[in-house]
Visitor: 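Got a structure for you, written out below as structure tokens; questions coming shortly.
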Amino acid sequence: MLIKAKKSLGQNFLIDKNIIKKIISISNVFDKDVLEIGPGTGNLTEYILKNKPNKIFLIEKDKSLCDQLKLKFQNKVEIRNEDILKIDEKNISNKKLIVFGNLPYNISTEIICNWILKLEKNFWFSELILMFQKEVADRIISKINTSNYGRLSILLNWKMNINKLFDISPNSFIPKPKVDSSLVHFTPKINYFQINKSKNLEMVTRIFFNQRRKIIKNPLKQLFNNYQEISDRLELNLNLRPQNLSLETYCNIVKEYEKLNS
Ligand code: SAH
């Protein structure tokens, strides 16, 4: 199949068979419903099919790739020529999905953040296996008190168990991306800190990390007139920096904010 990769759609096709096999072996898809986003030429799809899932749904934005996928897989897969950012993923299947995605890097980050923010009680997936730019994956798994720690890791770790699996070199793709990639595995947490609106966690962490180098007194003052009282109650040292506060502390700050604004 001769394909001209479209830069605008972030097309870097995975051609390294060993890596493809390694990705597929992460999850047991047998008899499960699988969603693959951005299947491209179907390199991963082909291997997923070998493991006999119940069903595979493909969502691919590029119309010409969709036509080729239809020829290649016929009725073995359900192909939708759509933009993953615009669909309602809850309606794809009534079973929990295993999601694979080697997508453009910026989209991986955007969809997972959207999904976390939108998720209410029920998760519509059982696992996510997504490719990121290595640097972004390192931010996702970063721990408190490190310079990488920030909004991304707080937001994602709030509702997900996260495992960085392995790095993938640009040589495994055609055309070669400019940076290293990493594969990250997510499963929903059964218990997570309850707040009323996930948007509030997003907002609070944005206010704190926009002033990453400043002491936390500043963002607290911005959020609360009675910041002194709040910091006493939460036992916060006002001279700490945003990177020194745990996920739990951020959730407690959100709860205080929600109490005031309910
Ligand atoms: N997963 C394939 C292709 C990777 S390239 C492989 O590993 O070989 C990324 C793919 O995502 C391309 O096929 C591109 O057309 C598709 N894509 C880009 N933006 C998308 C979007 N918003 N929704 C769905 N697919 C998208």
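Atom set for the values below is all heavy atoms of this structure, side chains included, hydrogens, waters and symmetry mates excluded. As the structure lists them, so they are numbered: ligands from 1, and atoms in each ligand from 1.
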Visitor: Taking atom types as modelled and ignoring hydrogens, do the side chains of N200 and E258 form a donor-acceptor contact shorter than 3.5 angstrom?
Guide: yes

Visitor: Report the C-alpha distance between N171 and K176 in whole Å, list the side-chain angles of each, state the deciding distance to 0.1 Å, and finish with yes or no for side chain to side chain donor-acceptor pair (under 3.5 Å).
Guide: CA-CA 6 Å; N171 296 323; K176 285 187 201 177; 3.1 Å; yes

Visitor: Look at the rings of W115 and W124 and say which category their plane angle falls in: under 30° parallel, 30 to 60° tilted, over 60° perpendicular.
Guide: perpendicular

Visitor: Before giving the answer on side chain to side chain donor-acceptor pair (under 3.5 Å), spell out for S142 and N148 the whole-Å C-alpha distance, their side-chain angles and the decisive distance to 0.1 Å.
Guide: CA-CA 6 Å; S142 63; N148 264 338; 5.7 Å; no

Visitor: Judged on heavy-atom distance to atom 23 (N) of ligand 1, which of I19, D16, I111, I84 sits nearest?
Guide: I84

Visitor: Please identify which atoms of ligand 1 are closer than 4.0 Å to at least one heavy atom of G10.
Guide: 5 (S), 9 (C)

Visitor: Quick test: of every protein heavy atom, which one is nearest to atom 19 (N) of ligand 1, and how far off is it to 0.1 Å?
Guide: I107 CD1, 3.5 Å

Visitor: Around L71, counting heavy atoms of other residues, nucleotides and ligands shown, do more than 12 lie under 6.0 Å from its CG?
Guide: yes

Visitor: Less than 4.0 Å between a side-chain N and a carboxylate O, is that true for E82 and K86?
Guide: no

Visitor: Using heavy-atom distances, let me know which of E60, E110, K61 sits nearest atom 14 (C) of ligand 1.
Guide: E60

Visitor: With heavy atoms of G40 as the reference, note each atom of ligand 1 found under 4.0 Å away.
Guide: 3 (C), 13 (O)

Visitor: Out of all atoms in ligand 1, which are within 4.0 Å of some heavy atom of F13? Include the element for each.
Guide: 3 (C), 8 (O)

Visitor: With respect to D62, determine whether any N or O atom, backbone or side chain, lies less than 3.5 Å from an N or O atom of ligand 1.
Guide: no

Visitor: Number the atoms of ligand 1 from 1 as they appear, then name those within less than 4.0 Å of a heavy atom of I59, with their elements.
Guide: 24 (C), 25 (N)

Visitor: Among all the protein's non-hydrogen atoms, which is closest to atom 18 (C) of ligand 1, and how far away is it?
Guide: L9 O, 3.3 Å

Visitor: What atoms of ligand 1 come within less than 4.0 Å of a heavy atom belonging to E82?
Guide: 23 (N), 24 (C)

Visitor: Does K90 have more than 12 heavy atoms from other residues, nucleotides or ligands lying within 6.0 Å of its NZ?
Guide: no

Visitor: Against heavy atoms of N43, which atoms of ligand 1 measure under 4.0 Å?
Guide: 8 (O)

Visitor: Has ligand 1 got any nitrogen or oxygen that is less than 3.5 angstrom from a nitrogen or oxygen of G38?
Guide: yes

Visitor: Mark yes when over 12 heavy atoms from residues, nucleotides or ligands other than N225 sit less than 6.0 Å from its CG; otherwise mark no.
Guide: no

Visitor: So, regarding D83 and ligand 1 (criterion: nitrogen or oxygen to nitrogen or oxygen, under 3.5 Å), is there a contact or not?
Guide: yes

Visitor: Under a plain distance cut-off of 3.5 Å, with no hydrogens placed, do T249 and S246 share a side-chain donor-acceptor pair?
Guide: yes

Visitor: When you measure from atom 12 (C) of ligand 1 to every protein heavy atom, which one gives the shortest distance, and what is it?
Guide: Q11 CG, 3.5 Å

Visitor: Would you kindly say whether E127 and T187 are connected by a side-chain donor-acceptor distance under 3.5 Å?
Guide: no

Visitor: For L14, is at least one N or O under 3.5 Å away from an N or O on ligand 1?
Guide: yes

Visitor: Which heavy atom of the protein is the closest neighbour of atom 4 (C) of ligand 1, given with residue, atom name and distance?
Guide: N102 O, 3.2 Å

Visitor: Ring centres under 6.0 Å, that's the criterion: do Y250 and F208 meet it?
Guide: yes

Visitor: Numbering the atoms of ligand 1 from 1, which are under 4.0 Å from a heavy atom of L65?
Guide: 13 (O)

